[in-house]
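The basis for the numbers below is simple: all heavy atoms, side chains too, and nothing from hydrogens, waters or symmetry mates. In this text the structure is predicted, and so the values were computed from the model without any measurement. Convention: sequence-line order gives letters A, B, ...; per-chain numbering from 1.
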Protein chains: 2
Amino acid sequence: MDNRLHGLRITNQRAVLYDYLTHQSLPKTPEEIFEELPTGSMDLSTVYRTLDTFFKVHVIQKSYIQNKVYYHLTTDEHKHYLVCIDCHEMSEIDVCPFHEFESKIQKDNDFLVTYHPVELYGYCKKCKSNHQESPSTP
Amino acid sequence: MDNRLHGLRITNQRAVLYDYLTHQSLPKTPEEIFEELPTGSMDLSTVYRTLDTFFKVHVIQKSYIQNKVYYHLTTDEHKHYLVCIDCHEMSEIDVCPFHEFESKIQKDNDFLVTYHPVELYGYCKKCKSNHQESPSTP
DNA sequence: TTTTACTTGCAAATGATTTGCAATAAGGAA
DNA sequence: TTCCTTATTGCAAATCATTTGCAAGTAAAA
C-alpha cells in the first residue's frame, strides 16, 4: 500500500517537520524551525536535509530574503511580503501588480518567467516612528 | 581642503574599486569583483570592507539575489532584473508596475517602504529550449 | 520476520563573510 | 614639507550558515 508522503518514506522527523510547517503562516528559516521544534526532535542537519527533500517534491517553496533561506508550504496563493529593516518582522500582502506584466516582459525579453518573489523593505508601524524622529528627551 | 570622496579618505584601493564599479552595468558580488580587479589590487577582505563602507555612505546599493550579496552604484534609475535559473545570467528591465502600488500598500499596511528589489526568475533565451525539450539524439 | 535501501545523528568540511591586530598610509597640522 | 594622529589595509584566524561522509538506525517491501 502507499504508505508515503509525496513518494517519500514517512519518518518521525518528517512527520514532525511537516506538521510544524502546516501551522506556519509566514516563511521560516531552517534555524528558526529548528529552534521552534520540540527540543531533541531532530538534528539541525536533518532539518536542512528534510526541507531540501520537501522542496524537491514541491511540498514547500523556497525563498531568499536578505541573506537567508526561507521555506513555506506550497499553496495556490500568490503572496509577497513586507519586511521591516529594523525589527525584521514580516507580514504578507496579496496584491501583485507584476502578474499582468509578466506576459509582456516574457515577450519583450524572450525570457520564460517561472517565479518572481517580491519583498518590500522598509519600516513597520512600530519602527516607523523611531526611524523618522528621535524620541523626545525625558 | 576637501580631499575626500563622500567624506571618506581616498585610498588607492578605494579609487580602484570605485572606478571598477563605475564601469559595471549589472550588480556584482564581492567575489566577482575581486576576481575581475587587476591581480593584487587588494585583499578580498578589503573588497568586502570597502563595499560595506561605500554602502554606508550610499555610494552603492546592496541587493540579495539567490543567496548572494550584489552591489551596484547608486543611480536615479529604478531597475529590476531577469535572472536565469540555468546559466545565472542577469539582464535588466526598467518597467516597474510596483511603483504606482506603493502608496496604496503603504497606507493599507501602515508600512513605510524604502525599497523593493524585484527579480524575475526563469529561463533565458539560450536556456529556454534546453529546458522545455531535451536536445535530439546525435 | 528478514532484507534492503533510505534516513538519521554526529562530527567534520565547506563557502561566504567578518574580525583582530600589527603594519601602513592619508591628510590635517605644524 | 615633514610630522603626527587616526583610518585603512593585509593577513590569518574566527564565525556563521549550510553541506557532507559515514556508520548506525529504521521504514516498508517481500
Rounded distance [0.5 Å steps], [atom1] in [X] versus [atom2] in [Y]:
| X | Y | atom1 | atom2 | value |
| --- | --- | --- | --- | --- |
| B:Glu32 | B:Tyr71 | CD | OH | 13.0 Å |
| B:Lys68 | B:Tyr70 | NZ | OH | 6.0 Å |
| B:Phe101 | A:His80 | CZ | NE2 | 11.0 Å |

Take atom [atom1] of [X] and atom [atom2] of [N], then tell me their distance rounded to the nearest Å.
| X | N | atom1 | atom2 | result |
| --- | --- | --- | --- | --- |
| A:Leu8 | C:dC6 | CG | P | 12 Å |
| A:Arg9 | D:dA27 | CZ | P | 8 Å |
| A:Gln66 | C:dT17 | CD | P | 14 Å |
| B:Ile33 | C:dT17 | CD1 | C1' | 14 Å |
| A:Glu35 | D:dC16 | CD | P | 13 Å |
| A:Asp43 | C:dA12 | CG | P | 13 Å |
| B:Tyr70 | C:dA16 | OH | P | 11 Å |
| B:Phe34 | D:dC11 | CZ | C1' | 12 Å |

Ionic contact status for A:Lys128 with A:Asp86, cut-off 4.0 Å: no

Output yes when a side-chain donor or acceptor of A:Asp43 lies under 3.5 Å from a complementary backbone atom of A:Ser45, and no otherwise.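 Judged by distance alone, yes, a pair lies under 3.5 Å.
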
Using modelled atom types only, decide if a donor and an acceptor are shared between the side chain of B:Ser41 and the backbone of B:Pro38 within a distance under 3.5 Å.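 Yes, because the side chain of B:Ser41 sits within donor-acceptor range (under 3.5 Å) of the backbone of B:Pro38.
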
Decide yes or no for B:Phe111 and B:Ile105: does some side-chain heavy atom of the first lie under 4.5 Å from some side-chain heavy atom of the second? no

Selection: residues 45-62 of chain B, any non-hydrogen atom under 4.0 Å of DNA chain C: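 Of all residues in residues 45-62 of chain B, the ones placing a heavy atom under 4.0 Å from DNA chain C are B:Ser45, B:Tyr48, B:Arg49.
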
For DNA chain C, the residues among residues 12-26 of chain A that have a non-hydrogen atom under 4.0 Å from it: A:Gln13, A:Arg14

Got a sec, which residues hit side chain to side chain donor-acceptor pair (under 3.5 Å) with B:Asp94, two or more places apart in sequence or on another chain? B:Lys79

Who passes salt bridge (Lys or Arg N to Asp or Glu O under 4.0 Å) against B:Glu89, sequence neighbours left out? B:Lys126

Could you check B:Glu31 against A:Met42 and say which one's nearest nucleotide on DNA chain C is further toward the 5' end? A:Met42

Bend across the helix from C:dT1-D:dA30 to C:dA30-D:dT1, to 10°, with axes taken over 5 pairs at each end? 30°

Per-pair distances, 0.1 Å, donor-acceptor, side chain in residues 51-65 of chain A, under 3.5 Å, sequence neighbours excluded:
unit_1  : atom_1 : unit_2  : atom_2 : d
A:Asp52 : OD2    : A:Lys56 : NZ     : 3.0
A:Thr53 : OG1    : A:Arg49 : O      : 2.8
A:Gln61 : NE2    : A:Thr74 : OG1    : 2.8

Taking for each residue the nucleotide of DNA chain D bearing the nearest heavy atom, is the 5' side occupied by B:Leu44 or by B:Asn67? B:Leu44

When the ring planes of A:His99 and A:His116 are compared, do they come out parallel, tilted or perpendicular, using 30° and 60° as the limits?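 Ring orientation, 0 to 90° scale: perpendicular.
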
